[in-house]
Structures are given as structure tokens and as C-alpha cells.
Amino acid sequence: MQIVLIGPPGAGKGTQSVRLAEYLQVPHLSTGEMLRDACLRKTDVGLRANEAMQRGQLVPDELVEEILFERLEEKDCQGGSILDGFPRTVPQAVAFDAWLGKHQRPLSTVLELRVNKEELLERLSSRGREDDNREIVLARLDQYDELTHPLLDYYGKRSALHVIDGQGSAEEVFAQICSIVDARK
Ligand code: ADP
């Protein structure tokens with residue numbers, strides 16, 4: 001199953017994607033993790049992505065697409081995967097649709113994890129990642145509203161979108177996700 005998780009920073013995408021990947025026995029692909037790893041290893045993509053990431057801004061679409069599409073073509077992703085953090089802009093979603101069409105892979109489900117802003121700020125202030133300081137967090141939340149939020153309309157129009165209430169405990173949120181995913185198996 002090819003599943004996409006969308007949600008603002010701090011919504012719990014990472015936690016839920018890891019659990020869902022385990023449940024469905026498919027790889028979990030986080031573009032944020034892939035990019036952080038590329039930065040650490042100082043690869044060509046990493047060097048080009050680093051500055052935007054430090055500032056809490058999105059990395060240019062073509063860089064993320066390059067790194068993700070290459071990974072999606074590996075053998076372990078043939079049976080699907082859980083995408084955490086991609087697509088994050090409408091152009092990325094358009095490029096992803098083209099990629100899916102070319103590889104004859106259907107998109108099973110898009111899940112939106114919804115959490116209010118006060119709760120997000122509280123969660124992020126206690127997480128302690130390098131890009132989690134307040135100013136950068138606010139920049140990342142703004143980027144979400146401006147660039148990622150329009151994606152919800154894009155997928156909503158095709159009825160592939162399911163809204164999950166991300167405010168509960170990790171267990172409660174995962175139970176909601178499973179009920180949607182199980183119904184589509
Ligand atoms: P969060 O969802 O908490 O912001 P991620 O690990 O998903 O954390 O992303 C961290 C950073 O990586 C983002 O702020 C952005 O700079 C970059 N990034 C991740 N995925 C994408 C993407 N699909 N497009 C552009 N930039 C991305």
C-alpha cells in the first residue's frame with residue numbers, strides 16, 4: 001500500500017509512520033530524515049539542502065524529488081511504503097502523481113494528521129532537534145500553512161484524503177489510522 005501522511009511539524013507524523021510501516025510491513029520513508037542524513041554525509045543533495053533546512057525553510061522540490069524517487073525505485077519499496085513528509089507542496093504532489101502513473105503504482109490513501117497550533121508549539125518546544133528552536137519552528141509552521149496546506153485541497157478533491165484527529169495519545173491516533181487503512185486493504 002502506498003500511503004502518504006500529511007501534517008504540520010510536531011503533529012506526530014514520524015511516530016505514526018513508523019508504527020504504520022511496521023504494521024503493514026513496508027518501508028517508512030521520511031524525506032526529513034533522508035535530507036538530514038544527506039547533510040551529515042555532505043552529499044551533493046545534502047550540501048544544496050543544508051542552508052534551507054537550517055532556516056526552517058523547505059528544500060527545493062527538485063532536490064527532494066531526486067532523493068525520494070531514487071529511493072522509491074529500490075526493491076524493498078515495490079510493495080508500497082509510508083511517506084512521511086512528502087509531498088509537501090502542490091508541485092511535489094503533481095510530480096509524485098506523474099511518478100506513480102509512470103510506475104503503475106496506485107496511491108492508496110492520504111492521511112492528514114490535524115493538531116492545533118498551541119499543542120504543536122508545546123510539543124516542538126520539548127523535542128530538542130536542532131531546527132526546533134522557537135523562531136525556526138514558527139517559520140516551519142508558516143511554511144506549512146502557506147505551501148503544504150493547499151495540498152489538502154488537491155487530495156481532498158480526489159477523495160483520497162482522510163482526516164485524523166492527532167490530538168489524542170499515540171495509541172488513540174494509531175487506532176484511527178488503522179481503522180482507515182484496514183478498510184482499504
Ligand atoms: P517536520 O515535519 O517536523 O518539519 P521533517 O523531518 O519532516 O520535520 O522535515 C525537516 C525539514 O526537512 C523541513 O523543515 C524541510 O526543510 C526539509 N524537508 C523535508 N521534507 C521536505 C519536502 N518534501 N520538501 C521540502 N523540504 C522538505
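All ligand and atom numbering here is 1-based and tracks the order in the structure.
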### Query
Which residue and non-hydrogen atom of the protein lie closest to atom 12 (O) of ligand 1, and at what distance in Å?
M53 CE, 3.3 Å
### Query
Which ligand 1 atoms does P9 reach within 4.0 Å, using its non-hydrogen atoms?
1 (P), 2 (O), 3 (O), 4 (O)
### Message
Once you restrict to heavy atoms under 4.0 Å, what part of R129 touches ligand 1? Side chain, backbone, both or neither.
### Response
side chain
### Task
Nearest heavy atom to atom 15 (C) of ligand 1 wins, so pick from R36, Q57, E33.
Q57
### Task
Report, in ascending order of atom number, the atoms of ligand 1 lying under 4.0 Å from any heavy atom of K13.
2 (O)
### Query
Do you know which two heavy atoms are closest between R123 and V115, and how far apart they sit?
NH1-CG2, 4.0 Å
### Query
Taking side chain as C-beta onward, heavy atoms only, is M1 less than 4.5 Å from V26?
no
### Query
Looking only at N/O atoms, are G85 and ligand 1 under 3.5 Å apart anywhere?
yes
### Message
To the closest 0.5 Å, what do you measure between CD1 (I67) and CZ (F86)?
### Response
11.5 Å
### Summary
atom 7 (O) of ligand 1: closest protein heavy atom, distance to 0.1 Å, is R88 NH1, 3.2 Å
### Parallel, tilted or perpendicular: ring planes of F96 versus F69, cut at 30 and 60 degrees
parallel
### Query
Which is it for V64 and ligand 1 at heavy atoms under 4.0 Å: side chain, backbone, both or neither?
side chain
### Query
Where's the contact between V59 and ligand 1, heavy-atom distance under 4.0 Å: side chain, backbone, both or neither?
both
### Message
Counting non-hydrogen protein atoms only, what is the nearest one to atom 20 (N) of ligand 1? Give residue, atom name and distance.
### Response
T31 OG1, 2.8 Å
### Query
Which ligand 1 atoms, with their elements, are less than 4.0 angstrom from a heavy-atom of R140?
1 (P), 3 (O), 4 (O), 14 (O)
### Task
For residues L58 and Q143, report the shortest heavy-atom separation together with the two atoms involved.
N-OE1, 2.8 Å
### Query
Are T109 and R184 close enough that a side-chain donor and a side-chain acceptor fall under 3.5 Å?
yes
### Side-chain donor-acceptor contact under 3.5 Å, D84 with T31
no
### Query
At what distance, to the nearest 0.5 angstrom, does CZ of R158 lie from CG of D153?
12.5 Å
### Query
Taking distance alone, with no angle check, do Q92 and ligand 1 share an N/O pair under 3.5 Å?
yes
### Message
Looking at ligand 1, would R127 count as a contact under a 4.0 Å heavy-atom criterion?
### Response
yes
### Ligand-side contact atoms (ligand 1) for residue partner F86, heavy atom cut-off under 4.0 Å
23 (N)
### Query
Could you give the distance from OG (S81) to CG (L68), rounded to the nearest 0.5 Å?
7.5 Å
### Task
Just jot down the ligand 1 atoms closer than 4.0 angstrom to any heavy atom of L35, in number order.
17 (C), 18 (N), 19 (C), 27 (C)
### Task
Would you give the length of the straight line joining atom OG1 of T89 to atom CD of E65, rounded to the nearest 0.5 angstrom?
7.0 Å
